[in-house]
Colleague: 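For reference, the structure I am asking about is given below.
Positions are given from 1, in the same order as the sequence printed here. Quantities reported herein were computed from a predicted structural model and do not represent experimental measurements.
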Amino acid sequence: MMKNVRKSAVIAIGNAIIVLLCFIFITVGLWKVLSNSAFDFNLKQSMSGEPHEDIVVVGIDTESIKSVGPYPWDRKVYAELIRKLEQAGAKVIGFDIEFYSESSNPQSDKLFAEEMSKYKNIVLPSHANVEGDFSRSTTVKEGELITARSIEQPISALRQYANRAHINAAIDSDGVIRTNWLQINTPEGVFPTLGLAMAQLAGVNVDKYIHSEPLPNRPRSEMYIKWDAKELNFETVPFARVLNGSIPPDTFKDRLVLVGYTAPGSDEGSTSVERHMHLVYAHANILNQILKQQWIQPTSSLVTLSIAIVMILLFGFLTWRLKPIIGIVTVFIVSALMILLQYMTFAYSDIYIDTIGAVASGLISYLGNIAMKTYFETKQKNYITKQFGRYISPDLVKEIAKNDSEIKLGGISKDLSILFLDVRGFTPLSEKLKPEEVVDFLNMMFNLITERALHNHGTIDKFIGDAAMILYNAPLDVPNHPYYAVKTAFEIQKGMEKVRKDVLDKYGVTISVGIGINTGNVVVGNIGSYLRVDYTAIGDNVNTAARIESSTSANQILVSESTYELTKDDFDYEYAGEKLMKGKSVPLKLFEVKGIKQAPASQKNRGKVS
């Protein structure tokens, strides 16, 4: 009872430690890399590849650079672009191009500004300085707008006619862009992100984005980008073709036009769906998301922790209730279902459940409980091995445990060597001893017998009063078992010399041991009823061994002819004559062991009765 209480206490404490560790791991973001990978995978697999039809990109590509000339271009080029796009009926024009300093041609700057002054639908970008003086990181507070120390804006000649927006990228620690700050608080006021500014100018309802609840552990007005398309999915036209009029004007009518770099190696960043995406398409994805009114809503940390606790308890329960193979398969299936649930929920509702931490916590729980279960099972196995080792050789017990060998139920026919032993002179000795002294004496005797039997790979079948029955070659095979049976008998008689002297000196009584050995085919196994079974051997050869023992005189070892033939090269024998045993029609030849010669040679058929 106490052992079970201690075991339960250890399991409870172990699982409490597992829960604490998993809580710490989730809190400090240990699984963040895996969670980000799962998030990116969900985005890639669920993206439609069909951006909103109102978005078109005018790209500064290799073709345009060859046609217009080396970059940077004279700003009159942008004035011309605006004129053509406005004439074509563009609803909003957003530049992902910085105009933070005056060009070398003031007249071109003036021309650009004059063209912009004619329209109210043009967005020029700014860049907020949100990094610290001594660090390239940004400090943010949950629930508050991210605050910039300063802001880089277009030159004043352009700024007065442009709608303002920021083009800051929110980059995760692994260098991937997954979110965007919809608004940044600056000394010059609040600046919307480029996509949000263009959507506002187009008359799109953006209240859900401006007044959204803060994401968990994120500043206010930060949004997970719903990457719904890659670069090639967006309709893109070369800048130069717009200038030369080869693009039909209807291409831009009532559409939102983004102008940015698309030439290789320029203005690129790593995103969830492409490792080298031109960032004008990042703004295009944000604009697409707002036009489609999509919002990725991650669940709270409390939900993640709750799922993790359920997984910890479930996997821990499965560990103790299921067999190892079934448990591993079940854990794998449950983990796969959790990840599938994460994907399906995201794909069809834009709700992101971070199950990676929960699954990882469940696996930690499984491994931790497997370790505890293995510890207790090993401890129990060692206990059983120790207890069972009192009956059969510890070497045999280890072999059973090592090989997972099964002792077959019922009986099997097998060649065994059977040793019977009886203490002579025990009755007069017991009359002189107190009951507890009788028990002590028997224990001393049986210790000697047991030690020698187990040392020689024997199985103690039973003790019967002051007698014993020992089997060799069962339950596992023992090569040269007749040799080990005779060797056991010889060593017991040698050990009895000291016992006999001590008893004679102390009590004045002479005791001795008679031992009989026979080798032959018997039925051995678990024999009895469903209520009580014994592992024993039965058959004529067992009876013969018992009758040989009853024929021995004091301190004598007698063996049958079958045992003699199998061990005559290993021991010195003296022919002891023939004796007619009860139930036998032919007298049995007996041989007395006189000494030991050598260890047995390795012979293939040694131990089998011919």
Colleague: Any donor-acceptor pair under 3.5 Å linking the side chain of Thr563 with the backbone of Thr519?
Modeller: yes
Colleague: For Phe420 and Val542, which heavy atoms make the closest approach, and how far apart are they?
Modeller: CE1-O, 3.5 Å
Colleague: How would you list, by chain and number, every residue that makes a side chain to side chain contact (heavy atoms under 4.5 Å, CB included) with Asn447, sequence neighbours excluded?
Modeller: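 Partners of Asn447 under the side chain to side chain contact (heavy atoms under 4.5 Å, CB included) test: none.
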Colleague: Do you know the tightest heavy-atom contact between Pro587 and Glu578?
Modeller: CB-OE1, 3.7 Å
Colleague: Please determine, by modelled atom types, if Ser272 and Asp40 share a side-chain donor-acceptor pair under 3.5 angstrom.
Modeller: yes
Colleague: Let's go through Lys379 and Glu377 carefully: what are the C-alpha distance in whole Å and the side-chain angles of both, what is the deciding distance for salt bridge (charged side-chain N to carboxylate O under 4.0 Å, His left out) to 0.1 Å, and is it a yes or a no?
Modeller: CA-CA 5 Å; Lys379 189 175 181 181; Glu377 288 181 347; over 6 Å; no
Colleague: Using 0.5 Å steps for rounding, measure from the CD1 atom of Ile296 to the CD1 atom of Ile225.
Modeller: 9.0 Å
Colleague: Can you measure from NZ (Lys323) to OG1 (Thr330) and round to the nearest 0.5 angstrom?
Modeller: 12.5 Å
Colleague: Where the side chain of Arg321 meets the backbone of Gly316, is there a donor-acceptor pair that is under 3.5 Å apart?
Modeller: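 Absent.
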Colleague: Establish, from distance only, whether the side-chain atoms of Lys579 and Ser551 form a donor-acceptor pair under 3.5 Å.
Modeller: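 Yes, side-chain donor-acceptor contact under 3.5 Å.
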Colleague: Is the backbone of Ala474 close enough, under 3.5 Å, to the side chain of Thr459 for a donor and an acceptor to pair up by distance?
Modeller: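 Checking the backbone N and O of Ala474 against the side chain of Thr459, a donor-acceptor pair under 3.5 Å is found.
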Colleague: Would you call Asn42 and Gln342 a side-chain contact if the rule is heavy atoms closer than 4.5 Å?
Modeller: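 Asn42 reaches Gln342 side chain to side chain.
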Colleague: Flag the pair Phe591 / Phe571 as yes when their ring centroid distance falls below 6.0 Å, and as no otherwise.
Modeller: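 No, the ring of Phe591 stays outside the 6.0 Å limit from the ring of Phe571, centre to centre.
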Colleague: If I compare all heavy atoms of Met581 with all of Leu588, which pair ends up nearest, and what's the gap?
Modeller: CE-CD2, 4.0 Å
Colleague: Is there a side-chain contact between Ile353 and Ile307 (heavy atoms, below 4.5 Å)?
Modeller: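 Yes, side chains in contact.
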Colleague: Is the shortest side-chain heavy-atom distance between Trp295 and Gln297 below 4.5 Å?
Modeller: yes
Colleague: Looking at Leu416 and His481, what are the two nearest heavy atoms and their distance?
Modeller: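 Answer, listing the atom of Leu416 first, then His481: C-CE1, 3.8 Å.
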Colleague: Between atom CG of Leu313 and atom CD1 of Ile18, what is the distance when rounded to the nearest 0.5 Å?
Modeller: 10.0 Å
Colleague: Does a donor on one side chain sit under 3.5 Å from an acceptor on the other, for Thr299 and Asp354?
Modeller: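 On atom types as modelled, these side chains do not qualify, holding no pair under 3.5 Å.
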Colleague: With side-chain contact (heavy atoms from CB on, under 4.5 Å) as the test, would you mind laying out the steps for Ile548 and Leu590 before giving the verdict?
Modeller: CA-CA 8 Å; Ile548 292 174; Leu590 300 178; 3.8 Å; yes
Colleague: Is the backbone of Ser48 close enough, under 3.5 Å, to the side chain of Asp228 for a donor and an acceptor to pair up by distance?
Modeller: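 Yes, the answer is positive, given that a donor and an acceptor are paired below the 3.5 Å cut-off.
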Colleague: Is there side-chain contact between Met469 and Ile418, with heavy atoms separated by less than 4.5 Å?
Modeller: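 The answer is yes; the side chains approach within 4.5 Å.
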Colleague: Side-chain contact, heavy-atom cut-off 4.5 Å: Asn518 with Ser417?
Modeller: no
Colleague: Nearest 0.5 angstrom please: Tyr375 OH to Ile11 CD1, how far?
Modeller: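 Here the rounded value is 11.5 Å.
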Colleague: Before you tell me yes or no, could you show the steps for Ile177 and Asp172 under side-chain contact (heavy atoms from CB on, under 4.5 Å), namely the whole-Å CA-CA distance, both residues' side-chain angles and the distance that decides it to 0.1 Å?
Modeller: CA-CA 6 Å; Ile177 300 172; Asp172 283 349; over 6 Å; no
Colleague: Give me the atom names and distance for the closest heavy-atom approach of Phe463 to Ala468.
Modeller: CD2-CB, 3.6 Å
Colleague: Among side-chain atoms of Arg500 and Asn555, is any donor-acceptor pair under 3.5 angstrom?
Modeller: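 Short answer, yes.
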Colleague: How about Thr536 and Lys462: does a side-chain donor come under 3.5 Å of a side-chain acceptor?
Modeller: yes
Colleague: Identify the two heavy atoms, one from Met277 and one from Lys230, that lie closest to each other, and give their separation to 0.1 Å.
Modeller: CE-CA, 4.3 Å
Colleague: Determine the interplanar angle of the Phe376 and Trp320 rings, folded into 0 to 90°, and report it as parallel if under 30°, tilted if 30 to 60°, perpendicular if over 60°.
Modeller: tilted
Colleague: Taking side chain as C-beta onward, heavy atoms only, is Phe315 less than 4.5 Å from Ile370?
Modeller: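 No, side chains not in contact.
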Colleague: Look only at the side chain of Thr567 and the backbone of Asp570, and say whether a donor-acceptor pair between them is shorter than 3.5 Å.
Modeller: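 No.
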Colleague: Can you tell me which residue pairs pass the salt bridge (charged side-chain N to carboxylate O under 4.0 Å, His left out) test with a partner in residues 336-351, sequence neighbours excluded?
Modeller: Lys226-Asp350
Colleague: Salt-bridged, Lys594 to Glu592, with N to O below 4.0 Å?
Modeller: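 Result for this pair is yes, salt bridge flagged.
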Colleague: So does Asp502 pair up with Lys506, basic N to acidic O under 4.0 Å?
Modeller: no
Colleague: Assess whether a salt bridge exists between Asp174 and Lys32, defined as any Lys/Arg side-chain N lying under 4.0 Å from an Asp/Glu carboxylate O.
Modeller: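 Between Lys32 and Asp174 there is no salt bridge, as every charged N stays at least 4.0 Å from the carboxylate O atoms.
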Colleague: Examine distances only and state if a side-chain atom of Asn541 and a backbone atom of Asn521 form a donor-acceptor pair shorter than 3.5 Å.
Modeller: yes
Colleague: With distance as the sole criterion, is a donor-acceptor pair present between the side chains of Ser270 and Arg275 under 3.5 Å?
Modeller: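 Arg275 and Ser270 do have a side-chain donor-acceptor pair below 3.5 Å.
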Colleague: Using the ring-ring contact (aromatic ring centres under 6.0 Å, His included) rule, pick out the option among Tyr352, Phe346, Phe39 that qualifies with Tyr224.
Modeller: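 Result: among Tyr352, Phe346, Phe39, Phe39 is the only option passing the ring-ring contact (aromatic ring centres under 6.0 Å, His included) with Tyr224.
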Colleague: Evaluate side-chain contact (heavy atoms from CB on, under 4.5 Å) for Met47 paired with Val273, printing each intermediate quantity in order.
Modeller: CA-CA 9 Å; Met47 64 191 303; Val273 295; 3.9 Å; yes
Colleague: Looking at CG of Leu419 and CD1 of Ile515, how far apart are the two atoms once the value is rounded to the nearest 0.5 Å?
Modeller: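 Separation between the atoms: 5.5 Å.
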Colleague: Under 3.5 Å, is there a donor-acceptor pair between the Asp415 and Asn473 side chains?
Modeller: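 Note: Asp415 and Asn473 side chains miss the donor-acceptor criterion.
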Colleague: Less than 4.0 Å between a side-chain N and a carboxylate O, is that true for Lys501 and Glu497?
Modeller: no
Colleague: Cut-off 3.5 Å, side chains only: do Tyr348 and Ser46 have a donor facing an acceptor?
Modeller: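 No, no side-chain donor-acceptor contact under 3.5 Å.
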Colleague: Start with the C-alpha distance between Val486 and Tyr573, add both sets of side-chain angles, then the distance that settles side-chain contact (heavy atoms from CB on, under 4.5 Å), and finish with yes or no.
Modeller: CA-CA 11 Å; Val486 179; Tyr573 285 102; 3.7 Å; yes
Colleague: Can you check whether Val331 reaches Leu363 side chain to side chain, under 4.5 Å on heavy atoms?
Modeller: yes
Colleague: With a 4.5 Å heavy-atom cut-off, do Val513 and Met445 have their side chains touching?
Modeller: yes
Colleague: Is there a donor-acceptor pair closer than 3.5 Å between any side-chain N or O of Thr378 and the backbone N or O of Thr374?
Modeller: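 Present.
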Colleague: Say whether Ser553 and Gln556, considering side chains only, have a donor N or O and an acceptor N or O under 3.5 Å apart.
Modeller: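 The criterion, which ignores hydrogens and geometry beyond distance, is satisfied for Gln556 and Ser553.
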Colleague: Thr552 and Arg424: side-chain donor and acceptor closer than 3.5 Å?
Modeller: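 Yes, because at least one side-chain N or O of Thr552 sits under 3.5 Å from a partner of the opposite role on Arg424.
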